2 protein chains.
Amino acid sequence: MAKEGLEGSESGYRSTEARRLIIGLLSSSDESLTADQIHDRLRKAHRKVGLATVYRTLKLMRNSRAIERIDVGDGTARYETAELRPEDHHHHLICRSCHRVRRYAQFSEEELDLMKRTEHSLEGRFGYQITGHRIYFEGICPECQAKQ
Amino acid sequence: MAKEGLEGSESGYRSTEARRLIIGLLSSSDESLTADQIHDRLRKAHRKVGLATVYRTLKLMRNSRAIERIDVGDGTARYETAELRPEDHHHHLICRSCHRVRRYAQFSEEELDLMKRTEHSLEGRFGYQITGHRIYFEGICPECQAKQ
DNA sequence: GTGAATGCAAAGACTTTGCAGCGAT
DNA sequence: ATCGCTGCAAAGTCTTTGCATTCAC
């Protein structure tokens with residue numbers, strides 16, 4: 001009843017190994033993954049899944065709002081589990097050097113409150129119907145700092 | 001002395017019509033533009049500039065920090081003038097439907113202050129060296145609302 | 001005049017799609 | 001036994017690159 005994703009029998013989708021593996025990978029990672037990274041990890045785990053299947057599964061999960069796609073500027077899309085509930089809300093730390101995307105979820109009441117008010121004000125100002133926001137902090141990750 | 005971009009003679013870059021036109025387009029737009037949109041607008045203005053030149057110019061301007069690249073999830077990069085000075089800082093309104101990216105610059109002291117504090121806290125928490133942030137508000141633009 | 005910039009076409013990188021066979025229900 | 005799912009390869013986008021020509025300095 002809790003996390004339905006693509007598993008629900010009423011969804012019309014079949015539960016295949018490829019799909020279970022991919023959602024498993026994304027759920028257990030605090031980093032966003034590219035299609036290629038997912039493909040690689042499945043290979044290394046000796047689960048042969050074609051790259052096309054990875055893309056098709058990602059698209060499917062995206063359509064059903066189970067995951068989200070992120071583009072950070074290196075020309076390759078990254079995927080992460082969606083924010084299904086308010087408590088899933090998170091922000092991102094992007095490394096300018098290696099493009100790694102780290103998620104983090106702890107932020108203040110103050111911030112949530114401010115964002116809410118800002119969204120409201122934007123709706124009035126520009127006529128947009130605001131559905132959410134994304135905050136990306138950019139910087140250099142510890143690993144890349146060490147390399148320099 | 002003010003806005004140097006690629007114009008400065010000391011930059012080593014030549015001032016060509018294509019470059020002047022492209023930076024002009026980006027400077028005067030409050031929307032981010034794709035390479036193709038830039039190419040189209042130049043054609044319509046009867047300035048024939050090859051798409052490859054557009055890409056090359058954008059890359060050049062990006063390297064010299066005159067513009068920035070934004071990816072919003074439709075697989076096509078968009079470009080906008082960079083935040084050279086603190087007062088250029090702005091946020092984005094992204095339309096989930098047509099992917100248009102609108103910039104806006106008016107935000108509160110409260111927000112700036114909160115972001116500064118958050119950046120500081122993140123540096124301590126995750127060891128990242130934070131260099132900035134991006135805030136994207138997502139929603140449906142007035143035009144797309146009307147179409148629905 | 002010289003080397004950078006351009007246009008065109010070819011090549012690349014990432015993603016999607018067509019089709020025959022496999023597999024979940 | 002269906003009809004969706006998969007793998008492979010071919011086709012599509014968007015972007016970059018090679019090369020001869022043109023142009024800014």
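These figures come from a predicted structure and were not determined experimentally. Chain letters run A, B, ... following the sequence lines, proteins first, then strands; residues in each count from 1.
The phosphate of dT6(D) has OP1 or OP2 within less than 4.0 Å of a side-chain N or O from R19(A). Here T53(B) does not reach the OP1 or OP2 of dA5(C): none of its side-chain N or O atoms lies under 4.0 Å away.
The aromatic rings of H133(A) and H89(A) sit perpendicular, their planes meeting at an angle over 60°, well past the 30° parallel limit.
In this structure, the NZ atom of K59(B) is 15 Å from the P atom of dT6(C), given to the nearest Å. dC14(C) atom C1' lies 12 Å from atom CG of D71(B), rounded to whole Å. Distance D40(B) CG to dC14(D) P: 12 Å, rounded to the nearest Å. Between Y13(B) atom OH and dT6(C) atom C1' the separation is 17 Å, expressed in whole Å. One can place CG of D74(B) at 11 Å from C1' of dT13(D), the figure rounded to the nearest angstrom. Remark: P of dA24(C) and CG of L60(A) are 16 Å apart, rounded to the nearest angstrom. Atom C1' of nucleotide dT6(D) and atom CG of L58(A) are separated by 15 Å, given to the nearest angstrom. In this structure, CG of L33(B) is placed 15 Å from P of dC14(D), rounded to the nearest angstrom.
Of the two residues contacting DNA chain D, namely T16(A) and T34(B), the nearest-nucleotide position lying further toward the 5' end is that of T16(A). Both L51(A) and T76(B) lie close to DNA chain D; mapped to their nearest nucleotides by heavy-atom distance, the more 5′-ward contact belongs to L51(A). A residue-by-residue look at A18(B) and Y55(A) shows that A18(B) has its nearest nucleotide of DNA chain C further toward the 5' end.
Residue side chain R56(A) does not reach the base of dG4(D) through any donor-acceptor N/O pair under 3.5 Å, judged by distance alone.
When distances run from any side-chain atom of A35(A) to the nucleotides dC25(D), dT15(C), dT15(D), the shortest one goes to dT15(C). Picking from dT15(D), dC14(C), dC8(D) the nucleotide with the shortest atom distance to the side chain of A52(A) gives dC8(D).
With no hydrogens or angles considered, no side-chain donor-acceptor pair links S32(B) and R103(B) at under 3.5 Å. In summary, the side chains of E31(B) and H92(B) do not present any donor paired with an acceptor at a separation below 3.5 Å, with no hydrogens or angles considered.
Checked for salt-bridge contact, E17(B) and K48(B) miss the test: no charged N lies under 4.0 Å from a carboxylate O. A salt bridge links D30(A) to R102(A): one of the charged nitrogens lies within less than 4.0 Å of a carboxylate oxygen.
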